[in-house]
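A quick write-up on the structure given underneath.
All heavy atoms count here, side chains included; hydrogens, waters and symmetry mates do not. By convention in this document, chain letters (A, B, ...) are assigned in the order of the sequence lines, proteins followed by strands, and residues within each chain are numbered from 1.
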Amino acid sequence: MKEIKIYVMGKEYLVPEGLTIMQALEYCGFFFVRGAGCRGGFCGACSTVYRKKDSFRLKVGLACQTKVEEGMYLTQLPFYPANKAIYNIEELSYDSQIFIKYYPEILRCIACGSCNRVCPQDLKVMEYINAAIRGDVKKVAEFSFDCIMCGLCASRCPAEIVQYYVGLLGRRIYGRLIQKKAKDLEKKIKEIEEGKFEKELEELMKMSIEKLKELYEKREIEAE
Amino acid sequence: MYLDYMKESIKKVEATREKRIKETFPKLKAEEKQELLKNYHPDYKAGTVREIKVGVNKGDLVVNEIADILESYSYLNPENFKYENVDYDVDVLIIGGGGAGVSAALSAFEYTKNILLVTKLRIGDANTIMAQGGIQAADKENDSPAIHYLDVMGGGGYKNIPKLVYTLVNEGPKIIKWLEELGVMFDKKEDGTMITIHGGGTSRKRMHTCKDYTGMEIMRVIRDDFFNKRINYLEFTCAIELLTDEDGKCCGAVLLNLENGKILIVKSKVTILATGGAGRLHVQGFPTSNHYGATADGLVLGYRAGAKFVYLDTIQYHPTGVAFPEQILGQLITEKVRSLGAQLVNCDGEQFIYPLETRDVVASAIIRECIKGKGIKTLSGYGVWLDTPLIEILKGEGTIEKELPAMFRQFLRFGIDIRKEPVLTYPTQHYQNGGILINENCETNVFGLLACGEVSGGVHGRNRLMGNSLLDILVFGKRAGKRAGELLRELPPIKKLTLNHLITYHKELKEIGIDENRKSPKILPDYRKGEFQKKLPFLINL
Ligand SMILES: Cc1cc2nc3c(=O)[nH]c(=O)nc-3n(C[C@H](O)[C@H](O)[C@H](O)COP(=O)(O)OP(=O)(O)OC[C@H]3O[C@@H](n4cnc5c(N)ncnc54)[C@H](O)[C@@H]3O)c2cc1C
Ligand code: FES
């Protein structure tokens with residue numbers, strides 16, 4: 001297999017082509033305690049900063065989802081100290097200043113767009129921070145929804161904003177206060193509490209396997 | 001980017017697409033399913049399970065890789081272990097910071113503030129955050145807990161424990177409401193109606209989703225609530241043994257700080273095991289969809305302390321793991337892809353199974369197709385096509401980006417646009433169907449020890465249905481927390497902390513001649529190149 005040269009925190013290593021950054025580091029003998037979580041692009045534990053040879057540009061990515069390339073200089077960001085506001089969701093009510101109340105630093109945004117450039121999910125981070133300043137919860141929630149909270153945006157923000165916590169606050173307000181409640185749900189809970197299904201369930205619980213099988217095979221399936 | 005011969009096969013898939021749109025592959029009859037499972041499901045392969053030779057389940061069949069870690073010694077020597085310095089003295093100790101552990105903490109918090117949650121990586125670095133497909137609950141007009149009950153039992157091979165299933169389905173709607181109130185953003189219509197879909201083995205559309213980030217959205221929200229309540233926690237700290245008192249009651253745990261190798265002792269009135277699954281044991285060499293820390297530690301800890309288990313002879317292989325590209329081998333392609341209309345087709349572009357049969361059946365059918373020579377060769381094995389472009393045709397352009405952003409992104413990173421090209425898939429080790437036996441209050445047979453989530457067993461019988469695990473971890477996570485709170489008043493005071501259970505256990509191991517160097521729990525898998533695979537750094541002092 002073809003081998004390529006990479007530089008881990010400045011030191012040169014040869015690794016087979018085609019590995020992810022995480023696999024390549026392991027191949028070199030590094031063992032992860034920090035810096036690896038889901039290994040599938042969901043948890044944000046593996047944010048990586050790298051630069052290619054002969055380029056000044058810093059790039060970022062998830063070590064578990066990015067292939068190593070010839071001449072990569074790389075390192076991982078195992079931890080980033082971030083400030084999270086403490087609140088009780090049950091006591092929150094919506095007003096347009098809510099983001100500013102909990103995260104006043106968002107007003108320091110200088111619209112440099114660094115957050116957008118580093119987001120491994122390609123989210124419009126700066127746009128949702130602007131929406132937060134305006135109090136547009138829906139936009140904050142929707143634009144930040146795919147955030148895996150890896151912290152790369154915060155690591156590059158000159159205004160020291162922790163974007164991913166602003167997004168989280170927005171989504172929780174949106175989910176709790178703005179999205180309409182599911183009506184079927186309330187009704188069903190009431191029916192369960194009134195014991196509407198109790199008898200049927202009890203019969204099922206006592207039923208022989210043969211009888212259950214018969215019911216199962218005959219059960220009606222809702223159309224697509 | 002697909003290799004050339006793969007592209008040739010894609011042409012055949014494209015050629016049959018039009019015809020297949022109108023074609024529904026017939027569902028299998030009960031006998032046909034049995035036949036398929038027996039011949040092709042990995043669980044049935046000869047020599048892959050064995051009788052466990054020690055402990056309370058002695059004689060029961062267990063998957064080899066799990067038996068290996070159960071038939072291993074502790075890192076600790078019970079004869080000369082020092083118990084005097086208790087580092088934490090708490091009411092409730094929760095081991096594991098995934099969905100089950102965090103929801104247990106939130107409900108225990110209503111009874112006591114003296115809680116400690118410990119977790120191996122960070123809170124949320126867990127299988128929970130990876131769940132994409134959705135969460136089941138019978139809350140629609142045409143649905144009921146009874147209908148849900150039958151689906152769960154049928155899926156589980158009728159081996160589920162009825163009272164546990166009853167609890168799961170009855171509390172489903174309440175859990176969805178709880179999440180709604182915490183601010184989880186479910187996929188909804190304008191008027192608030194939940195948009196729900198089918199999953200493998202469901203008879204009603206009761207899968208609630210948050211795009212294909214359902215587990216991530218739930219985990220982010222409950223973790224935020226956990227932080228807001230300022231509950232004490234330790235990250236990168238792994239429980240390596242439970243403590244018992246002279247009566248055999250569980251009274252805490254021994255922890256290992258994974259960063260400096262320091263041992264910590266926790267004394268607790270109630271201990272909740274919420275350590276999740278076993279994917280990283282790579283049963284039969286399968287790749288896995290699970291997170292880095294899914295090494296079945298909780299089974300080892302619980303079993304040594306005397307907790308019984310059920311159904312550890314069966315593993316759930318998710319039918320659609322990634323088979324190509326190699327970099328993301330084994331990662332999950334959510335069942336939602338099939339719920340949205342993608343069909344499974346072989347190298348000639350023909351369907352061979354109804355896409356929403358239960359997981360065990362679909363996985364077996366894919367394996368059969370590959371054995372028959374109808375698969376597509378990949379770098380490390382075989383795969384069949386999952387025809388994702390069909391989704392855009394059936395549900396409209398833009399559906400994939402809207403409904404499956406995680407998957408769309410994942411493949412695009414490797415140059416594959418799933419809107420235009422199908423993906424290659426093969427079964428991956430996904431879920432631990434069985435586990436530590438619990439009752440509806442999450443109690444194990446060991447006093448003071450509760451369990452919830454994937455580490456526990458009985459709820460799903462021998463095969464879990466998609467969407468029932470997220471429900472399980474929240475229903476039983478919350479119940480475990482509540483029960484722990486109630487137990488604080490009921491349990492007798494703790495006597496001396498000991499590792500007595502290990503003395504007997506080690507003796508049994510010695511009697512059957514187990515090599516004394518074989519130790520567990522595994523803590524984390526070691527993927528370093530062979531020559532570097534030495535003792536893990538944090539085990540240096542043990
Ligand atoms: C890729 C993927 C997709 C899935 N999709 C779905 C879906 O769509 N619907 C559904 O219902 N289910 C799904 N599941 C299953 C479901 O997500 C899991 O079964 C469930 O989340 C398990 O929750 P848990 O809290 O029990 O375990 P986990 O979430 O895994 O949490 C356990 C935690 O305990 C920690 N831990 C382990 N050992 C120790 C120790 N010794 N000491 C301290 N901490 C320890 C782990 O690191 C982890 O953080 C999916 C699973 C995967 C992997
Ligand atoms: S390890 Fe979770 S995103 Fe890479």
Side-chain angles (χ1 to χ4, degrees), chain A residues 18-20 23 26-34 36-43 45 65-67 84 86-89 121 141 145-146 148-149 168 171-176 179-186 188-189 192 197 200-201 204-205 209 212-213 215-217 219-222 224, chain B residues 30 121-122 124-125 129-130 138-142 144-146 149-150 153-154 158 162 166 170 173-174 176-177 180-185 188 191-194 203-205 211 213 216 220-221 224-225 227-228 236 258-259 291-292 326-327 331 405 409-410 413 526-529 532 536-538:
Chain A
L19 303 180
T20 61
Q23 291 160 344
E26 286 171 332
Y27 181 90
C28 299
F30 291 87
F31 181 85
F32 289 102
V33 171
R34 285 182 184 262
C38 66
R39 301 180 75 108
F42 289 91
C43 76
Q65 302 290 306
T66 311
K67 256 200 277 191
K84 191 195 109 57
I86 298 293
Y87 45 84
N88 179 349
I89 191 77
Q121 299 284 84
F145 190 84
D146 293 2
I148 59 171
M149 305 179 75
L168 178 60
R171 291 191 303 275
R172 290 194 68 184
I173 294 173
Y174 188 73
R176 181 179 161 85
Q179 263 187 324
K180 291 235 169 63
K181 293 275 174 293
K183 288 198 205 77
D184 296 357
L185 183 58
E186 294 287 342
K188 199 60 80 182
I189 291 174
I192 292 174
F197 311 104
E200 204 182 336
L201 276 167
L204 285 169
M205 278 164 66
I209 292 187
L212 273 175
K213 260 189 195 159
L215 280 185
Y216 182 79
E217 294 301 332
R219 79 204 199 288
E220 187 194 319
I221 308 232
E222 181 180 356
E224 271 306 316
Chain B
L121 301 162
R122 302 173 310 170
D125 292 350
I129 212 160
M130 308 181 79
D139 55 19
K140 284 293 182 73
E141 189 68 49
N142 66 349
S144 81
Y149 182 95
L150 196 57
M153 292 300 285
Y158 310 97
Y166 168 92
N170 239 355
K174 240 171 40 195
I176 301 293
K177 179 152 183 254
E180 209 186 29
E181 282 174 355
L182 283 175
V184 166
M185 273 172 66
K188 286 181 174 181
D191 69 353
T193 310
M194 294 275 180
S203 65
R204 294 292 183 278
K205 292 189 192 169
K211 298 204 212 170
Y213 284 118
M216 179 168 100
R220 286 187 305 211
V221 166
D224 192 44
D225 225 53
F227 288 151
N228 281 342
F236 301 102
L258 297 186
E259 291 177 303
H291 86 288
Y292 188 37
E326 205 74 8
Q327 292 88 358
Q331 283 174 28
R409 203 173 262 131
Q410 182 170 44
R413 283 183 179 127
D526 191 348
Y527 296 124
R528 290 174 296 184
K529 199 166 120 192
F532 298 119
L536 298 181
F538 40 73

> By a 4.5 Å heavy-atom criterion (distance strictly below it), what part of B:Arg220 contacts chain A: side chain, backbone, both, or neither?
Replying inline: both

> By a 4.5 Å heavy-atom criterion (distance strictly below it), what part of A:Tyr27 contacts chain B: side chain, backbone, both, or neither?
Replying inline: both

>> With a 4.5 angstrom heavy-atom cut-off, is it the side chain or the backbone of A:Ile148 that approaches chain B, or both, or neither?
In response: both

> Do A:Gln23 side-chain atoms and A:Thr20 backbone N/O form a donor-acceptor pair below 3.5 Å?
Replying inline: yes

> Roughly how far, to the nearest 0.5 Å, is the CZ atom of A:Arg39 from the CG atom of B:Asp125?
Replying inline: 12.0 Å

> Side chain, backbone, both or neither: which part of B:Val221 has a heavy atom under 4.5 Å from chain A?
Replying inline: both

> Where does B:Met130 contact chain A at under 4.5 Å (heavy atoms): side chain, backbone, both or neither?
Replying inline: both

>> Please classify the contact between A:Gln65 and chain B as side chain, backbone, both or neither, with a heavy-atom cut-off of under 4.5 Å.
In response: both

>> One pair to check against side chain to side chain contact (heavy atoms under 4.5 Å, CB included): A:Gln179 and B:Val184. What are the steps and the verdict?
In response: CA-CA 10 Å; A:Gln179 263 187 324; B:Val184 166; over 6 Å; no

>> Looking only at heavy atoms and a cut-off of under 4.5 Å, which of A:Leu204, A:Ile209, A:Leu215 has the most pairs with chain B?
In response: A:Leu204

>> For B:Ala146 versus A:Leu201, what's the shortest heavy-atom pair and its separation?
In response: CA-CD2, 3.8 Å

> chain A heavy atoms under 4.5 Å from B:Leu121: which part of the residue, side chain, backbone, both or neither?
Replying inline: side chain

> If you take all heavy atoms of A:Arg219 and B:Ser203, which pair is closest and at what distance?
Replying inline: NE-CB, 3.6 Å

> By a 4.5 Å heavy-atom criterion (distance strictly below it), what part of A:Glu186 contacts chain B: side chain, backbone, both, or neither?
Replying inline: side chain

>> Heavy-atom cut-off 4.5 Å, strictly under: side chain, backbone, both or neither for A:Leu168 against chain B?
In response: side chain

> Can you find a pair of side-chain heavy atoms, one from A:Gln121 and one from B:Pro405, that are under 4.5 Å apart?
Replying inline: no

> Which one, A:Glu220, A:Met149, A:Lys84, leads in non-hydrogen pairs under 4.5 Å with chain B?
Replying inline: A:Lys84

>> Regarding A:Glu222 and B:Lys140, does a basic nitrogen lie under 4.0 Å from an acidic carboxylate oxygen?
In response: no

> Do the numbers put A:Arg171 on top of the ring of A:Tyr174, so that NZ or CZ is under 6.0 Å from the six-membered ring centre and no more than 45° off the axis?
Replying inline: no

>> Between A:Phe30 and chain B, with a heavy-atom cut-off of 4.5 Å, which part of the residue counts as in contact: side chain, backbone, both or neither?
In response: backbone

> Measuring heavy-atom distances to chain A, does B:Arg204 have an atom under 4.5 Å in its side chain, in its backbone, in both, or in neither?
Replying inline: both

> Of all of A:Gly18, A:Gly41, A:Gly37, A:Ala36, which one pairs up most often with chain B through heavy atoms under 4.5 Å apart?
Replying inline: A:Gly37

>> Is A:Lys181 in contact with chain B via its backbone, its side chain, both, or neither, using a 4.5 Å heavy-atom distance?
In response: both

>> Quick test of your reading of the model: are B:Lys177 and B:Asp139 salt-bridged, counting only N-O distances below 4.0 Å?
In response: no

> Minimum heavy-atom separation for A:Arg34 to B:Phe236, with atom names?
Replying inline: NH1-CE1, 3.1 Å

>> So which residue, B:Lys188, B:Met194, B:Lys174, ends up with the most heavy-atom pairs under 4.5 Å with chain A?
In response: B:Lys188

> Which region of B:Pro145, side chain (C-beta onward) or backbone (N, CA, C, O), has a non-hydrogen atom less than 4.5 Å from a non-hydrogen atom of chain A, or is it both or neither?
Replying inline: both

> At a heavy-atom separation under 4.5 Å, does A:Ile192 approach chain B through its side chain, its backbone, both, or neither?
Replying inline: side chain

>> Under a 4.5 Å cutoff for heavy-atom pairs, which residue among A:Glu26, A:Arg176, A:Arg172, A:Lys180 has the most contacts with chain B?
In response: A:Arg172

> Parallel under 30°, tilted from 30 to 60°, perpendicular over 60°: which one fits the rings of A:Phe31 and B:Tyr292?
Replying inline: tilted

>> Please rank A:Asp146, A:Ile173, A:Ile221, A:Leu212 by heavy-atom pairs under 4.5 Å with chain B and give me the top one.
In response: A:Asp146

>> Measuring from atom OG1 of B:Thr193 to atom CG of A:Leu185, what distance do you get when rounded to the nearest 0.5 angstrom?
In response: 11.0 Å

>> Less than 4.5 Å to any heavy atom of chain A: does that hold for the side chain of B:Leu182, its backbone, both, or neither?
In response: both

>> For B:Arg528 versus A:Gly29, what's the shortest heavy-atom pair and its separation?
In response: CD-O, 3.3 Å

>> At a 4.5 Å cut-off on heavy atoms, which part of B:Tyr158 comes close to chain A: side chain, backbone, both, or neither?
In response: both

> Given the options B:Met185, B:His291, B:Gln410, B:Glu141, which has more heavy-atom pairs under 4.5 Å with chain A than any of the others?
Replying inline: B:Met185

> So, for B:Met216 and A:Phe145, which heavy atoms are closest and what is the spacing to 0.1 Å?
Replying inline: CE-O, 4.1 Å

> Checking heavy atoms, do the side chain of B:Tyr149, its backbone, both or neither come under 4.5 Å from chain A?
Replying inline: side chain

>> At a 4.5 Å cut-off on heavy atoms, which part of B:Gln331 comes close to chain A: side chain, backbone, both, or neither?
In response: side chain

>> Tell me which of these, A:Thr66, A:Val33, A:Leu19, has more heavy-atom pairs under 4.5 Å with chain B than the rest.
In response: A:Val33

> Measuring from A:Phe32:CZ to B:Leu258:CG, what's the distance to the nearest 0.5 Å?
Replying inline: 15.0 Å

